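What follows is one structure encoded as C-alpha cells, with my remarks underneath.
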Number of protein chains: 2
Amino acid sequence: METFPYRRVEQVKAKVTIKDVARRAGCGIATASRVLNNSGPASADVRSRVQKAAQDLGFSFSALGRALQSSRSMTVGCLVPSLANPVFAEAVQGLQTVLAGTGYQLLIASSNYDGAADNDAIATLIAKEVDGLIVTMVAPEHSAALALARTRGIPVALMFHDPVAGLPSAHVDNGAAAREVARRFGDLGHRRTAFLALRFASSDRSRNRYAGFLAECRLRGLPDPVLIELTETEANTPERLAQTLAALPDLTAIFASNDFLAIAVQKAARLLGWRVPRDLSVVGFDGIEIGRLLDVPLATIETEPAAMGRQAALTLLDLLQGGAPVQLPPLPFTFRAGATLAPPRADRRDDDRVAPRPPSVLSLKTDLKQG
Amino acid sequence: METFPYRRVEQVKAKVTIKDVARRAGCGIATASRVLNNSGPASADVRSRVQKAAQDLGFSFSALGRALQSSRSMTVGCLVPSLANPVFAEAVQGLQTVLAGTGYQLLIASSNYDGAADNDAIATLIAKEVDGLIVTMVAPEHSAALALARTRGIPVALMFHDPVAGLPSAHVDNGAAAREVARRFGDLGHRRTAFLALRFASSDRSRNRYAGFLAECRLRGLPDPVLIELTETEANTPERLAQTLAALPDLTAIFASNDFLAIAVQKAARLLGWRVPRDLSVVGFDGIEIGRLLDVPLATIETEPAAMGRQAALTLLDLLQGGAPVQLPPLPFTFRAGATLAPPRADRRDDDRVAPRPPSVLSLKTDLKQG
DNA sequence: TTGTATGCGTTATCAC
DNA sequence: GTGATAACGCATACAA
C-alpha cells in the first residue's frame with residue numbers, strides 16, 4: 001500500500017464563475033452571460049474581452065446553476081436491474097449513443113432486481129431533478145415512485161416491459177417470441193417441454209415469455225410445459241442444475257428464459273451424459289453474440305437490446321420536447337436457428353409413453369450434496 | 001404506432017419546495033429546514049406541523065438546490081469506453097454496489113474508445129459539478145480534462161489502468177498476468193506464439209499485456225510473439241479471422257487479449273479444420289463466466305471486474321472524505337486452466353522447422369473475399 | 001426557539 | 001448595448 005508523495009496541486013481557482021469572467025472583462029454579469037451564450041446583443045469590443053477573460057480563467061458554466069435557474073437539469077435518470085446483465089448493459093449503451101449528441105447526461109441507478117430498491121432509486125433520481133426517466137423495474141404498474149414522477153410531470157419511458165399504465169415502452173413482444181419457440185418445438189415433435197426461469201417473480205419479461213409459451217402449447221394440445229424456477233445458486237452451479245434436470249427425465253426440450261441459462265443447461269446436460277440436441281433440445285432467449293461462436297451454436301430468440309435502448313431514448317426525447325406519449329410497435333425478434341434444436345429421438349417421440357433415459361452419470365456420483 | 005388517449009395527469013403541484021412546506025406549517029423557511037434535516041432546535045409543536053405539512057405536500061428536497069448551496073452534488077462521474085463490453089459493465093455495477101449506500105449517484109458517460117470523446121465527456125461531467133471522477137479512458141496521462149479536474153480539486157480514481165500521474169487506480173497487473181501466460185506456453189513447449197489484440201492503439205491494458213508477454217518470451221529465449229491487431233470487423237467475422245490465422249500457419253499458441261477474441265479464435269480454427277488445442281492452443285483474458293461452460297472450457301486469466309469497480313469506488317470515497325491518494329496493490333488475477341491449452345503436437349514442437357499443417361479448409365473456398 | 005436575509009451560479013427582465 | 005436585480009431551492013449566520 002503505497003502513498004503518493006503529498007503534493008498540493010496548484011489550484012488556479014477552485015471555482016471560476018461567470019462573475020469572475022465579468023469582473024475580469026470589466027463588464028456586467030448579464031453582458032458576460034449574453035456573450036458566452038450568444039443570447040443577446042454585445043459590442044464587438046466587449047464581446048472579445050469577455051471571450052478572452054473566459055479563456056484566461058478557464059471558465060466553464062456550472063450546469064448546476066443553470067439547472068436551478070432554468071429548471072432543466074439536462075439529465076436523464078435511468079434505472080435498470082443490473083449492469084452485470086449484458087442485456088441491460090447493452091441497452092444502456094444504446095441510450096448513451098442516442099443521448100450523447102443531445103446534451104443530456106445519464107444518471108444511472110440499479111436495483112439488483114429488488115422491488116423496494118428500485119422505488120427508492122427512482123425517488124432519488126427525481127430528487128436529483130432529472131428531466132426524464134428511463135426505467136426497467138420489478139413492477140412498474142404499481143410503483144409509487146413512478147406515480148410520483150407522473151405527478152411531477154416527469155416524462156417516463158420504459159424499457160423491456162410490455163407497455164403498461166399509459167407508459168410507452170421499448171420492448172419486444174415476449175409472448176409472441178415465446179409462442180414462436182413453442183411452435184418450433186411442436187413442429188419438430190416435442191411434447192414434454194419445460195420453461196426455465198430465473199427471478200420469475202421479479203421479471204415480467206420472464207413471466208410473459210412463460211405465458212406465451214404455455215398458451216401456444218395448449219393451443220396445440222400439448223401438455224403444459226413444466227415451469228422450472230431456478231435460484232441464483234442453481235443457475236450458477238452446473239452440478240446443481242444437472243440435479244434439477246435429472247429429476248425431469250422425460251423432457252425432450254427446454255426453453256430457457258435467457259441465453260446464459262441455455263448455455264448452463266448444455267453444460268449440465270454434458271455432466272449428465274446427455275447429448276444436445278439428441279437427448280435434449282435447448283432454445284435460449286436474447287441472442288447474445290457468443291451463442292453463434294459455440295461448438296454447438298445456440299438456437300435462440302434474437303433480440304437487440306441496444307436497439308431497445310435507442311428506441312427508449314428517442315421516445316423520451318420526444319416526450320421531453322413536449323410530444324404526446326406514443327407507443328411504438330414492439331421491436332422485432334427473430335428466431336435464430338442453431339444446432340441445439342432438433343427433433344426428439346425417435347424412441348422418445350411417442351405421446352405419453354416415453355422411453356427411459358440411460359441412467360444419468362450424475363446420479364452415480366455421491367459427492368454432490370443434495371439440496 | 002398507437003397514441004395513448006390524451007389525458008392530463010392531475011399535477012398536484014409541479015414543484016413543492018421547502019417554502020411551500022414552511023407556509024403550510026405556518027413557520028419560517030429556516031425552521032422547516034431545521035426540522036426536515038434534524039439540524040437544529042425546534043419546538044415539538046412546530047416540528048410536528050412541519051412534518052405533517054411535508055407529508056401532505058409530498059415534499060422532497062431538491063438535490064439541485066442543496067448541491068448549489070453546499071457545493072457538493074453528491075454525484076460521482078464515471079467514464080468508461082463502453083458498457084457493451086461486459087468487463088466495464090460489471091465494473092460499473094461494482095461501483096454501484098459500493099456507492100449505493102453512500103448517497104452518491106453515478107453520472108455515466110461512455111466514449112466508445114474515442115480519445116477525443118472521452119475528454120469531452122470528462123469536461124461535461126466536471127461541468128455537472130461531480131464531486132469525484134472514476135475513469136477508464138484512452139490516455140489518462142495526457143488528458144487535458146483530467147488535468148482540469150486536478151486544477152479544480154476534483155478527486156479522481158482510475159479503473160483498469162496501471163497507476164499513472166499520481167492517480168490511484170484499481171487494476172490488475174496486466175504485464176504480470178501476460179508473463180504468466182508466456183510461462184505457461186513456454187513450459188508446455190510452445191515457441192511460435194501470437195498476441196491477438198483489438199483496439200491496441202486505444203487500450204493501454206492491451207499494450208501492457210503485450211509488453212509483458214513479449215518480455216517473458218524474450219527472457220526465455222523464445223521468438224518474439226507475433227502481434228496481430230484486429231479490426232472490429234475481423235473480430236466479429238469468424239471467416240475473416242480465419243483468413244488471418246491461415247496466414248500464420250506455424251503458430252502453435254495464441255494469447256488473446258480478451259475472452260471474446262479467444263472464443264472467436266476457436267470458431268475460426270474450426271472453420272479452418274484445426275482442432276483446439278491439438279493444432280492450436282488458445283488462452284484468453286478476463287475470465288468471463290461463460291468460458292467455463294463451453295464444450296472446451298477456455299483457459300484464461302481470471303480477473304474480477306466487479307472488484308475493480310468496488311475498489312475504485314472505495315478509493316474515491318476515501319478521497320472524497322479528504323484522505324490522501326493511496327495506491328492499493330493491484331487486484332489479484334489467477335490463471336484458469338482450461339482445455340484450450342495443451343502442448344503442441346509432437347511434429348510441430350521442433351525448434352525452427354515446423355511441419356506444415358494440412359491445407360486449410362478455408363483456403364479451398366473461393367467465395368470469401370480477400371481483404 | 002424562531003424567522004430574515006444572504007449567497008450558491010445562472011439566466012431573464014427590465015430599466016438605462 | 002449594457003448592467004443591476006430578481007428569481008431558482010436550499011442551508012446557514014445572525015438577529016430577534
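Sequence lines set the chain letters: A, B, ... in the order given, protein chains first and strands last, and positions in each chain run from 1. A quick note: this is a predicted structure, and the numbers were derived from the prediction, not measured. Side chains included, hydrogens not; waters and symmetry mates left out as well; all remaining heavy atoms used.
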Contact class for [X] vs. all strands (heavy atom < 4.0 Å): base, sugar-phosphate, or nothing?
{"X": "G28(A)", "value": "sugar-phosphate"}
{"X": "S60(A)", "value": "sugar-phosphate"}
{"X": "S71(B)", "value": "nothing"}
{"X": "S43(B)", "value": "sugar-phosphate"}

task = Tell me, please, the opening and closing nucleotides of DNA chain D, 5' to 3', among those with an atom under 4.0 angstrom from a non-hydrogen atom of chain A.
result =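 So the outermost contacting nucleotides come out as dG1(D) to dG9(D).
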ask   = Atom CZ of R72(A) to atom C1' of dT10(C): distance rounded to whole Å?
value =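 One finds 14 Å between C1' of dT10(C) and CZ of R72(A), rounded.
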task = Could you state the atom-to-atom distance from CG of L64(A) to P of dG7(C) in whole Å?
result =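 So the CG-P distance, L64(A) to dG7(C), works out to 19 Å.
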message = Run the side chain to side chain contact (heavy atoms under 4.5 Å, CB included) test on V76(A) and V130(A) for me, step by step, so that the C-alpha distance in whole Å, both residues' side-chain angles and the decisive distance to 0.1 Å come before the verdict.
response = CA-CA 5 Å; V76(A) 168; V130(A) 294; 5.9 Å; no
task = Dump the intermediate steps for side chain to side chain donor-acceptor pair (under 3.5 Å) on S82(A) and N112(A), then the final yes or no.
result = CA-CA 5 Å; S82(A) 168; N112(A) 201 30; 5.0 Å; no
inquiry  = Whether the side chain of K128(A) engages the backbone of S73(B) through a donor-acceptor N/O pair (distance < 3.5 Å, no angle test) should be reported.
reply    =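 Present.
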message = Main chain of A25(B), side chain of R49(B): is a donor-acceptor contact present, judged purely on distance under 3.5 Å?
response =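 Judged by distance alone, yes, a pair lies under 3.5 Å.
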request  = Please determine if a side-chain N or O atom of K19(A) lies less than 4.0 Å away from the OP1 or OP2 oxygen of dC8(C).
outcome  =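 Yes, such a contact exists.
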Heavy-atom side-chain contact between F59(B) and D20(B) under 4.5 Å =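 The answer is no; the side chains never approach within 4.5 Å.
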key: B/S/- contact track for nucleotides 11-16 of chain C, protein heavy atom under 4.0 Å   = BB----
salt_bridge(E129(B), K15(A)) N-O dist < 4.0 Å =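 Salt bridge between E129(B) and K15(A), a charged N being under 4.0 Å from a carboxylate O: yes.
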task = Have a look at V92(A) and tell me which of T136(A), V87(A), L106(A) forms a side chain to side chain contact (heavy atoms under 4.5 Å, CB included) with it.
result =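 With V92(A) as partner, side chain to side chain contact (heavy atoms under 4.5 Å, CB included) holds for just one option, L106(A).
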task = Using side chain to side chain contact (heavy atoms under 4.5 Å, CB included) as the criterion, point out the one residue from Q327(B), R150(B), E141(B) that pairs with L167(B).
result =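 The side chain to side chain contact (heavy atoms under 4.5 Å, CB included) with L167(B) is passed solely by R150(B) among Q327(B), R150(B), E141(B).
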ask   = In terms of side-chain heavy atoms of C27(B), which of dT2(C), dG3(C), dG9(C) is nearest?
value =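 My answer, after comparing the listed nucleotides, is dG3(C).
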request  = Name all residues meeting the salt bridge (charged side-chain N to carboxylate O under 4.0 Å, His left out) criterion together with R205(A); count only those two or more places apart in sequence or in a different chain, and write none if there are none.
outcome  =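 For R205(A), no residue satisfies salt bridge (charged side-chain N to carboxylate O under 4.0 Å, His left out) once neighbours in sequence are set aside.
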